[in-house]
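Here the structure is laid out as structure tokens; the discussion comes afterwards.
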Amino acid sequence: MRHFEPTAQNSATNVRLSTAAATKIILIYAAFSSLWILVSDSIVGSLFSDPTTISRISVVKGWLFIAVTALLLHGLIRRMQIHAQKNFEGKLAAQAERAESERLIRALYQAIPDLVWFKDTKGVYLSCNSRFEQFFGASEKVIVGKSDYDFVDKDLADTFRTNDKVAMEKGSPNRNEEWVTFASDGHREFLETTKTPVLNSKGQIIGVLGIGRDISKRKSNELALIESEARWKFAIEGAGDGLWDWNIQTGKTFYSPRYKTMLGFANEEIGDTADEWSKRIHPDDAPGVFAELQPYMDGKLGSVTVEYRMLRKDGSWIWTMGRGMVVERDAEGKPLRMIGTNSDITQRKQAEAMVSQLAYHDSLTQLPNRRLLVDRMSQAMSASKRTGNYGALMMLDLDIFKPLNDAYGHFAGDLLLNEAAIRLIECVRETDTVARVGGDEFVVMLSKLDADKVVSARLAGDVAEKIRASLAKPYRLNLNEEGQEGQEGATVEHSCSASIGVALFLGGDANQAEVMKWADSAMYRAKDAGRNRVHFYD
């Protein structure tokens, strides 16, 4: 993962180049002006006969022209230099923010205890964490740009590649189990591998994210279950997984003490029926759990692994990974007895959610970022095309934001941006989207307005005015840093209005880029008209 580190030398070099270009233009223009003087003197000579008068007029006219135009040209070029420098500094700030976000994602990526890697659609590695480096016995720098065929034998590499293709063809996570040998020290692990296709903003598959979890202990315990109930019960309990044993014919089910404590219950608080398990599955997850279980019960699959949420005694939900196997069937293949385990994977799910949060949300305000906004816009435009209802996109730019940063620093600016984000959320519905797309620029997307354009414009205008009024209220910013409370003058009051551009859209009449361009154009019209106002694109 590359990081861009801007330096003062880069900035100074650009300034020197701009100054040299400006000087060159001035010299060229001065030379041209001198040539013009010579030509104009000839014209003056044809109009006046007195040599003294001609000389005076030519000299005064020529050099006055050169001085004035040179000064004007120098001022214009200087303004261009200042503008270019500000743009460059803005890019540096954005790149620094992007580098910090990447650093945080990278730190979290490395903190995950499982093997994590990312390949492109051709099977070439793009990144991996330190646990995966142990598997190949090589650093990430060596691994990136190569494929499995560079590190493992062809048969195993073919297996890895086949599993990648299955995940991409399904368009959903593909799980499998496999024994692997770590090149770092030669030890073996039984990995439960999940390979998930990764999509870009256009919904196109750009690669496969893999997570390999060491389940060697649990696999050994499962084998021990078949050999001896006493041994496998003890082993599973010791490994920290909850155990269950289901008699499918009678419905009677054994739940181990660990299974019950994982859900917050005492041993006597859970009965011995299968309903004690099914009634605690999260309603949103239940259909998927039973759909995953049925093919296995029918004998079409050899093992079942499914992740879902379960209700604890205190009313909270935990993520569990349930694994089961039928250990007894009748002569016709009908399942008679099933045993399995449940593992608490809440921490892993939280880590995965944090990775997603960093990838699709602004690190400062926690609002959706541009990437998530594009996805939301795609959904809203598809819904608009289907229902015939208009949507609206608003581009907002804070009018008096930079003076606050100049006077009190970026900490004060961050406080104001967070407060502005809260105010924006309070002005819209839960079904609408508020995003931060950079600096002091925000986007608000309203969906499901009305089939009538006039009515939709009125509704969008009401929301825009509500936002404008809310953002124009004074901000009281507490500049006390942690551990420095009580400082005098640490609270600052700042007024910061907003210019808002609004563009209506309907179905497939325009693409996302066009709608964004409309709203942006309307916003600059609002600024040109005096700021602190709303302007519709027409």
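We number each residue from 1, following the sequence as shown.
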Does a donor on one side chain and an acceptor on the other come within less than 3.5 Å for Thr365 and Asn418? no

Could you walk me through whether Glu465 and Arg533 pass the salt bridge (Lys or Arg N to Asp or Glu O under 4.0 Å) check? CA-CA 8 Å; Glu465 283 296 333; Arg533 63 190 61 214; over 6 Å; no

Is there a side-chain contact between Lys385 and Met381 (heavy atoms, below 4.5 Å)? no

Is there a side-chain contact between Lys448 and Thr387 in this structure, where contact means two heavy atoms from C-beta onward sitting under 4.5 Å apart? no

With a 3.5 Å cut-off and no angle check, do the side chains of Asp362 and Gln366 form a donor-acceptor pair? no

Would a distance-only check, ignoring hydrogens and angles, find a side-chain to backbone donor-acceptor pair under 3.5 Å from Asp450 to Ser456? no

Are a donor atom and an acceptor atom from the side chains of Thr433 and Arg376 found within less than 3.5 Å of each other? yes

Checking Asn532 against Arg468: is there a side-chain donor and acceptor pair closer than 3.5 Å? yes

With a 4.0 Å cut-off on N to O distance, would you call Glu419 and Arg476 a salt bridge? no

Just checking Arg175: does its CZ atom have more than 12 heavy atoms from other residues, nucleotides or ligands closer to it than 6.0 angstrom? yes

Do Ser127 and Trp117 come within less than 4.5 Å of each other through their side chains, counting heavy atoms only? no

Tyr125 and side chain to side chain donor-acceptor pair (under 3.5 Å): which single residue from Asp150, Asp148, Asp120 fits? Asp148

Validation row: Val443, Met394 side chains within 4.5 angstrom (heavy atoms): no

SB check Lys195 Asp164 (cutoff 4.0 Å): yes

Given side chain to side chain contact (heavy atoms under 4.5 Å, CB included), test Met168 with Val208 step by step and report yes or no. CA-CA 7 Å; Met168 289 187 287; Val208 175; 3.5 Å; yes

Verify whether one side chain among Ser497 and Asp399 offers a donor that lies under 3.5 Å from an acceptor in the other. yes

Side chains of Phe290 and Ile281 in contact at under 4.5 Å (non-hydrogen atoms): yes

Beyond-backbone contact of Val116 with Phe132, side-chain heavy atoms, under 4.5 angstrom: no

Knowing that exactly one of Thr194, Leu209, Ile211 qualifies, which makes a side chain to side chain contact (heavy atoms under 4.5 Å, CB included) with Pro173? Thr194

Hey, does the side chain of Arg423 reach the backbone of Lys473 with a donor-acceptor pair shorter than 3.5 angstrom? yes

Aromatic rings His282 and Trp317: how do their planes relate, parallel, tilted or perpendicular, breaks at 30° and 60°? tilted

